[in-house]
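These notes concern the structure reproduced below.
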Amino acid sequence: MLDATEERILACCETLMDDTLELTRDLVRGYSVLGQEQGVLATMEHWLERLDLPVARVALDAPGFADHPHRAPPPWSTEGRYNLVSRLNPAVDKPHLVLNGHLDVVPAEPTDMWTRPPWEPWEQDGWLYGRGAGDMKAGIAAMVMAVQAVRQAGVEIDFPLTLQTVIEEECTGNGSLACLHQGYSGDFVLIPEPFGAQIYSGQVGVLWFRMRLDGVPAHVLDTRAGSNAIETLQGYLPAFKALEAEINALPRPAPYEALDHPFNLSIGKIEGGNWASSVPAHAILEGRVGFPPGMRPDEVMERVRQVIAEHHRALDDASPAPRVEFHGFRSEGLLVDLETPGIRLLSRCHEDLVGEPPAHYLSTCTTDLRAFHVSGGINGTCYGPVAQRIHGVDECVEIDSIRRVLTTYALFIHRWARLNETGGDDA
């Protein structure tokens with residue numbers, strides 16, 4: 001099934017496994033939560049230069065980007081924030097392949113629950129541990145080293161290929177969107193998100209929201225003199241669960257109708273008050289709600305506003321209405337076209353390496369695939385390593401699965417040129 005050139009590429013993948021793991025560990029050491037991505041960006045830039053790959057910075061505050069219709073307006077400054085891209089053969093008039101991955105991670109706190117500090121990578125029983133090891137620094141290492149393996153095997157990459165390593169995938173999606181806005185586009189995208197060696201077939205829409213309640217502060221010698229914002233906030237939680245049930249009861253596009261409960265609403269953060277012996281004057285809730293492909297984010301915003309307003313009216317008191325903001329994701333859902341040549345080529349590469357066709361995976365979360373599909377009109381999919389406890393304690397990635405991503409991506413890169421020479425998927 002593999003020719004001599006492909007066998008040589010796979011041999012180079014094996015020799016590059018140590019470098020792939022070294023790059024993964026270096027990226028994990030950069031604890032790249034929101035606002036602290038500079039260290040991991042410097043590490044990534046160093047590695048791209050070390051591999052003799054061209055590097056460019058793509059700003060998140062580029063002219064005109066603030067007015068992009070799919071951009072999520074963040075409450076933080078975008079000044080000085082950037083992604084890294086590496087472009088090969090950008091002027092060549094052939095189909096353009098994009099490999100994309102995000103460098104940012106979610107917070108690991110409380111870190112005392114971890115076996116070891118989450119920014120100190122360690123290995124045990126065939127797994128590599130650390131925050132971001134699975135989501136998705138191992139995938140980035142594999143996709144970069146796949147390019148290196150093809151070149152090291154002496155195979156010319158004669159078509160346009162762009163590596164994108166971005167930030168803000170975990171909160172806004174603006175990183176990948178900024179790349180597309182500034183012309184770093186393509187014809188097909190692969191993203192090594194940690195859903196395993198399977199074809200990612202769709203994802204839900206996602207909206208972030210924030211609600212602030214104001215109470216009346218008072219000394220606890222007479223709590224009845226105040227209005228407890230934290231206690232009031234708790235009363236809104238059943239209303240949000242009812243909204244979740246309402247969205248899941250809506251008609252769904254295939255194949256989401258086969259899933260029992262694909263659209264999840266999570267209250268991820270609550271804070272309030274300022275002193276144990278004072279009636280709290282404020283409480284803030286932040287949440288995330290999923291919704292079906294085909295539904296617009298502004299429609300979900302209106303549903304969130306309506307749920308909050310109805311509950312406030314039901315309180316029938318003189319309290320001020322809650323303030324509502326939409327401060328992060330406002331991402332549409334999507335369905336992948338599984339019949340395009342790029343998807344068929346990826347399936348063939350997987351089958352030639354594994355011996356059987358890949359399974360399909362229908363997601364109940366969002367990824368940066370949304371920017372390419374919804375904003376750029378670019379088809380693609382996710383295919384990545386196996387990870388456990390992403391966003392959780394002792395996150396880890398299976399080392400053998402990193403090897404699988406490395407070899408599959410290298411084979412895909414090699415066959416991408418042949419696919420577009422023949423105009424079909426019989427490479």
As a quick check of understanding, evaluate ring pair (Phe, Tyr, Trp, His ring centres under 6.0 Å) for F195 and Y361, giving each step before the final call. CA-CA 8 Å; F195 304 118; Y361 175 72; 5.1 Å; yes

Take W119 and R131 through the test side chain to side chain contact (heavy atoms under 4.5 Å, CB included) and record every step on the way to the result. CA-CA 6 Å; W119 45 82; R131 171 56 86 228; over 6 Å; no

May I have the step-by-step check of ring pair (Phe, Tyr, Trp, His ring centres under 6.0 Å) for F209 and F329, ending in yes or no? CA-CA 9 Å; F209 60 91; F329 284 123; over 10 Å; no

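Atoms CG and OG1, on D394 and T115 in that order, are 3.5 Å from each other to the nearest 0.5 Å. Taking CG of N379 as the start and CD of E339 as the end, the distance is 10.5 Å to the nearest 0.5 Å. Summarising the geometry, atom NE2 belonging to H70 is positioned 13.0 Å from atom NE2 belonging to H181; distances are rounded to the nearest 0.5 Å. The structure places CD1 of I270 at 11.0 Å from CD1 of I284, a figure rounded to the nearest 0.5 Å. Expressed to the nearest 0.5 Å, how far OG1 of T366 lies from CD of E169 amounts to 7.0 Å.
A salt bridge does not link R151 with E156: every distance from a Lys NZ or Arg NE/NH1/NH2 to an Asp or Glu carboxylate oxygen is 4.0 Å or more.
Between V98 and S185, every side-chain heavy-atom pair lies at or beyond the 4.5 Å cut-off.
Residues Y31 and E37 bring no donor and acceptor atom of their side chains to less than 3.5 Å of each other. Of the N and O atoms on the side chains of T165 and N83, not one donor lies less than 3.5 Å from an acceptor on the other residue.
Residues forming a ring pair (Phe, Tyr, Trp, His ring centres under 6.0 Å) with H327 (at least two apart in sequence, or on another chain): W208.
The aromatic rings of Y383 and H350 stand perpendicular to each other, their planes meeting at an angle above 60°, with 30° marking the opposite boundary.
With hydrogens and angles ignored, the 3.5 Å screen pairs a side-chain donor or acceptor of S401 with a backbone N or O of E398.
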